[in-house]
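On a predicted model such as this, the values are computed, not experimentally measured, just so you know.
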Amino acid sequence: MSTTAGQVIKCRAAVSWEAGKPLVIEEVEVAPPQAGEVRLKILYTSLCHTDVYFWEAKGQTPLFPRIFGHEAGGIVESVGEGVTHLKPGDHALPVFTGECGECPHCKSEESNMCDLLRINTDRGVMISDNQSRFSIKGKPIYHFVGTSTFSEYTVLHAGCAAKINPAAPLDKVCILSCGICTGFGATVNVAKPKPGSSVAIFGLGAVGLAAAEGARVSGASRIIGVDLVSSRFEGAKKFGVNEFVNPKDHDKPVQEVIAEMANGGVDRAVECTGSIQAMISAFGCVHDGWGVAVLVGVPSKDDAFKTHPVNFLNERTLKGTFYGNYKPRTDLPNVVEMYMRGELELEKFITHTVSFSEINKAFDYMLKGESIRCIIRMEE
């Protein structure tokens, strides 16, 4: 039993007091976990574009003060009543979506969209009692997507914590909590390219590069990167991308360009931008008869696109995916083992490392487009 179990812990957290303003390192009080919850000591966290999006308060109801962060690795400090799959000392990855194990989605082999613990970006409190576990001088500080990893200690629903191999380096596998699994899983679990096949990846940010890594691991022979920023092409080569298309370099739709390159279309396409035009192009560039396009990027809420039904009748398939179709508690340990066996390369995604007190540098790197993933080391 942890010596701090059942007690309030005082620790440092990077608090966002208002939209777009630098985070402030504050002393916060972290309440003990309630029934069905777990308290983690975070050792490493990383910055994802989703953190930046909500920190900037773009397109959603702003909720401040808040502790952001949702990609991390840590050690279980204590568990609440009824938690049996985790114990103090276990290594775990917190995940923005969860696996209650009881709902129809969790019991389905096909879905990872847990009814209870599905992502909710508007919720700033715990599910069980609608209260925050963070406070400063009695004033509550809001949670973010149930994880809030920009804190030395955090409390989350136990269904959102995946127990992993304690030998796995947390400063590497922490990036599996969100973007890397989202892109990698979209390819290997949903698009499922065959060895020797062709795959087009739309968008070469972190998620798109992870999708390309999935194509590389799957044995695809042609991996075509599509991006409006040509400077991304060189760096994408180490993720298996071996051909590049910038739509701005052509005077016809990019789907036509790719169809000509690939003798009628690619076998698989994975869209990782959230752009409606990219979604249309991804579906339009796959080969009739067997082509599959997978949508990963999150569009604006009012976006829509239309396509002719003959595209489906000609046996093209359009799919969507959430978190790469991975169930957090069931599947994440296996992805960690892929890394441990050398089958999945994570180091090449990590471009920067900063100390916790320098966390605002991580935001600067991402806003300047300089980072894929920046690791934030909690201990100075």
Task: Contacts of type side-chain contact (heavy atoms from CB on, under 4.5 Å), residue Thr351, not counting sequence neighbours - done: Ser371, Ile372

Show me the donor-acceptor pairs within less than 3.5 Å that the side chains of residues 202-217 make with the rest of the protein, sequence neighbours left out.
| from | atom 1 | to | atom 2 | distance (Å) |
| --- | --- | --- | --- | --- |
| Glu213 | OE1 | Arg216 | NE | 3.0 |
| Glu213 | OE1 | Lys348 | NZ | 2.7 |
| Glu213 | OE2 | Arg216 | NH2 | 2.8 |
| Glu213 | OE2 | Glu345 | N | 3.3 |

TODO: Identify the heavy atoms of Lys172 and Ile175 that sit nearest to each other, and give their distance.
DONE: O-CG1, 3.2 Å

- [ ] Can you sort out the partners of Pro22 under side-chain contact (heavy atoms from CB on, under 4.5 Å), two or more places apart, ordered by chain and number?
- [x] Asn360

Hey, can you pull the donor-acceptor pairs under 3.5 Å for the side chains in residues 314-322, sequence neighbours left out?
| from | atom 1 | to | atom 2 | distance (Å) |
| --- | --- | --- | --- | --- |
| Asn314 | ND2 | Val310 | O | 3.4 |
| Arg316 | NE | Val286 | O | 3.0 |
| Thr321 | OG1 | Asn325 | N | 3.4 |

TODO: Please indicate whether Glu379 has more than 12 foreign heavy atoms, meaning atoms of other residues, nucleotides or ligands, lying under 6.0 Å from its CD.
DONE: no

TODO: Please work out which of the three classes, parallel, tilted or perpendicular, describes the rings of Phe134 and His143, given edges at 30° and 60°.
DONE: tilted

TODO: Would you indicate whether the side-chain heavy atoms of His250 and Val245 approach each other to under 4.5 Å?
DONE: yes

TODO: Using the test side-chain contact (heavy atoms from CB on, under 4.5 Å), find all partners of Lys163 that sit at least two apart in sequence or belong to another chain.
DONE: Leu86, Lys87, Asp90

Open item on the list: Under the rule for side-chain contact (heavy atoms from CB on, under 4.5 Å), what residues qualify as partners of Leu228, not counting sequence neighbours?
Closed with: Asn246, Pro247, Lys248

Task: Residue pair Thr149 / Glu71, side-chain donor-acceptor N/O under 3.5 Å - done: no

Open item on the list: Regarding Glu18 and Ser16, do their side chains bring together a donor and an acceptor under 3.5 Å, going by distance alone?
Closed with: no

TODO: Answer yes when Lys41 and Glu152 have at least one side-chain N-carboxylate O distance shorter than 4.0 Å, and no when they do not.
DONE: no

